[in-house]
Number of protein chains: 2
Amino acid sequence: MSNPAAERARRKAAAEHALRSRGLPLTVQRRRLLERFLGAKDHPTAEMIYRDVAPLIPGLSHATVYRTLETLVDLGLARRLPHPGGDVRYDPRLERHHHLLCEACGAVRDYASSRLDALPFPDVSAAFETLDYTVLFRGRCAACRTPRSRRG
Amino acid sequence: MSNPAAERARRKAAAEHALRSRGLPLTVQRRRLLERFLGAKDHPTAEMIYRDVAPLIPGLSHATVYRTLETLVDLGLARRLPHPGGDVRYDPRLERHHHLLCEACGAVRDYASSRLDALPFPDVSAAFETLDYTVLFRGRCAACRTPRSRRG
DNA sequence: CTCCGTGCAAAAGGTTTGCACTGGT
DNA sequence: ACCAGTGCAAACCTTTTGCACGGAG
């Protein structure tokens with residue numbers, strides 16, 4: 001059930017259906033971007049996606065990548081990831097899950113825990129309508145703890 | 001113990017001591033910025049702080065605000081707050097606590113819960129050194145749920 | 001007196017927008 | 001054909017940087 005290729009194909013089909021059902025054209029740009037983004041575990045910025053997709057589409061514009069990612073957020077196919085940095089990161093995973101954030105390099109890794117998935121919602125119902133939550137652990141990843149190849 | 005004015009004074013004294021003990025001068029700019037920032041509950045951006053402090057200091061430069069905030073982070077007196085937006089938000093509260101994030105307007109409110117303060121650290125010790133964590137609830141604040149005065 | 005901080009202005013990113021044109025459907 | 005998407009370039013916003021001056025210790 002967690003076959004990565006099958007999972008990616010399923011997500012892509014779902015995304016293409018969501019676009020079509022709203023009358024939004026499936027362009028080459030969107031197809032390539034979906035292939036890069038859906039199933040990604042690197043919580044990419046728009047720029048990271050642009051770098052990876054641009055070689056496949058001559059003349060690709062930054063604006064297209066930014067606009068497409070926001071479209072995916074609007075359609076509920078992606079989410080902006082909470083991150084301490086000054087750029088926007090996107091997460092294709094919609095199910096509840098958690099994150100390990102390296103304070104040295106900014107990398108984000110997913111962390112699964114059924115116990116953390118079962119926390120109570122906040123008891124402030126009138127003041128705030130809670131939709132979901134994520135637990136964010138901050139610390140240092142293995143690469144940044146290693147003296148060699150330190151990054152700052 | 002939770003007297004806001006006393007708490008703010010205590011934090012300010014601690015911050016001034018931290019600066020002095022490192023040989024960093026306590027300028028007028030830093031004093032005013034600390035008064036605005038320490039004890040703040042609005043998780044401000046650098047620009048928000050600039051707007052509030054600039055009227056008190058003729059000629060204040062944006063650069064000073066950005067540099068001072070990063071200095072506070074380096075000294076461990078402030079933290080960058082995880083946020084889905086494209087700007088950096090700062091949090092003067094260092095103790096473990098949690099947040100309610102409005103997806104409509106981006107506002108962040110603190111949320112205290114002793115139960116949430118006692119979650120287990122992730123079981124990946126070799127791959128990631130965890131220092132702390134925060135639970136981020138996403139949803140809609142009261143203001144953004146009210147039809148009138150909607151903001152987006 | 002010695003650093004470090006500050007202001008200024010320019011530069012560097014990251015992100016958004018207006019417009020003419022292309023391309024899905 | 002129609003309507004949305006795209007590329008391009010400019011604009012915009014946030015953040016960083018180099019340098020000369022001024023102020024804290």
Side-chain angles (χ1 to χ4, degrees), chain A residues 12 15-37 43-75 77-78 80-81 83-90 106 152, chain B residues 15-34 36-37 43-75 77-78 80-81 83-90 106 152:
Chain A
K12 196 187 167 201
E16 296 187 347
H17 176 267
L19 286 165
R20 278 192 214 276
S21 69
R22 298 237 191 171
L24 304 182
L26 253 178
T27 63
V28 176
Q29 289 85 344
R30 283 177 175 170
R31 261 186 254 265
R32 296 286 165 276
L33 191 147
L34 288 173
E35 287 162 4
R36 159 66 176 85
F37 177 64
H43 310 87
T45 63
E47 179 61 27
M48 288 165 67
I49 291 176
Y50 177 83
R51 270 205 308 274
D52 292 346
V53 174
L56 309 175
I57 306 175
L60 176 68
S61 167
H62 280 85
T64 296
V65 175
Y66 283 92
R67 282 185 289 227
T68 302
L69 286 167
E70 284 307 306
T71 298
L72 294 180
V73 171
D74 291 345
L75 294 179
L77 296 169
R80 289 170 168 231
L81 180 80
H83 190 276
D87 46 14
V88 180
R89 287 168 181 259
Y90 295 89
Chain B
E16 296 187 349
H17 176 266
L19 286 165
R20 278 193 214 275
S21 70
R22 298 236 190 169
L24 304 182
L26 253 179
T27 62
V28 177
Q29 290 85 345
R30 282 177 175 169
R31 262 186 254 264
R32 296 286 166 275
L33 191 145
L34 288 173
R36 159 65 176 85
F37 177 64
H43 310 88
T45 63
E47 179 61 26
M48 288 164 67
I49 291 176
Y50 177 82
R51 270 205 309 273
D52 291 347
V53 174
L56 308 176
I57 306 174
L60 176 68
S61 166
H62 281 85
T64 296
V65 175
Y66 282 93
R67 282 186 288 227
T68 303
L69 285 168
E70 284 308 305
T71 299
L72 294 181
V73 171
D74 291 345
L75 294 179
L77 298 169
R80 291 171 166 228
L81 180 80
H83 191 278
D87 46 16
V88 179
R89 287 166 181 259
Y90 295 89

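Just so we're on the same page: letters track the sequence lines, and every chain starts at 1.
Between its opening and closing five pairs, the helix from C:dC1-D:dG25 to C:dT25-D:dA1 changes axis direction by 40°, a value rounded to 10 degrees.
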Output side-chain donor-acceptor pairs under 3.5 Å for residues 45-54 of chain A, partner residues at least two apart or in another chain, one line each.
{"unit_1": "A:Thr45", "atom_1": "OG1", "unit_2": "A:Glu47", "atom_2": "N", "d": "3.4"}
{"unit_1": "A:Thr45", "atom_1": "OG1", "unit_2": "A:Met48", "atom_2": "N", "d": "3.1"}
{"unit_1": "A:Glu47", "atom_1": "OE1", "unit_2": "A:His62", "atom_2": "NE2", "d": "3.2"}
{"unit_1": "A:Tyr50", "atom_1": "OH", "unit_2": "A:Leu60", "atom_2": "O", "d": "3.2"}
{"unit_1": "A:Asp52", "atom_1": "OD2", "unit_2": "A:Arg36", "atom_2": "NE", "d": "2.6"}
{"unit_1": "A:Asp52", "atom_1": "OD2", "unit_2": "A:Arg36", "atom_2": "NH2", "d": "3.2"}

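We find that CZ of A:Arg22 is positioned 17 Å from P of C:dT25, with the value rounded to whole Å. For the pair A:Leu75 CG and D:dA4 P, the computed distance is 14 Å after rounding to whole Å. Between A:Leu56 atom CG and D:dT6 atom P there is a gap of 15 Å when expressed in whole angstrom units. Here D:dG5 presents its P atom at 15 Å from CD of A:Glu16, a figure rounded to the nearest Å. Rounded to an integer number of Å, the gap from B:Ile49 CD1 to D:dT15 C1' is 14 Å. Going from atom CZ of B:Arg30 over to atom C1' of C:dG5 covers 6 Å, rounded to whole Å.
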- [ ] Determine, for nucleotides 11-24 of chain C in 5'-to-3' order, which nucleotides have protein heavy atoms under 4.0 Å from the base (write B), from only the sugar-phosphate (write S), or from neither (write -).
- [x] ---SBBBB-----S

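Remark: A:Gln29 is in phosphate contact with D:dG7, judged by side-chain N or O atoms under 4.0 Å from OP1 or OP2. Between B:Ser61 and C:dT6 there is no side-chain polar atom (N or O) within less than 4.0 angstrom of OP1 or OP2.
Here the side chain of A:Leu24 is nearest to one of C:dG5, D:dT6, D:dA4, namely D:dA4.
B:Pro25 and B:Gly23 make their closest contact through CD-O, 3.6 Å (heavy atoms, listed as atom of the first residue, atom of the second, distance).
If A:Thr71 and A:Gly59 are placed on DNA chain D by their nearest nucleotide, the residue sitting closer to the 5' end is A:Thr71.
A:Leu69 places a side-chain heavy atom less than 4.5 Å from the side chain of A:Val65.
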Task: Working for side chain to side chain contact (heavy atoms under 4.5 Å, CB included), residues A:Leu81 and A:Val88 - done: CA-CA 7 Å; A:Leu81 180 80; A:Val88 180; over 6 Å; no

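Within the structure, salt bridge (Lys or Arg N to Asp or Glu O under 4.0 Å) contacts touching residues 56-72 of chain A (residues at least two apart or in different chains) are A:Glu70-A:Arg80. Screening residues 18-33 of chain B for salt bridge (Lys or Arg N to Asp or Glu O under 4.0 Å), with sequence neighbours left out, gives B:Arg32-B:Glu35.
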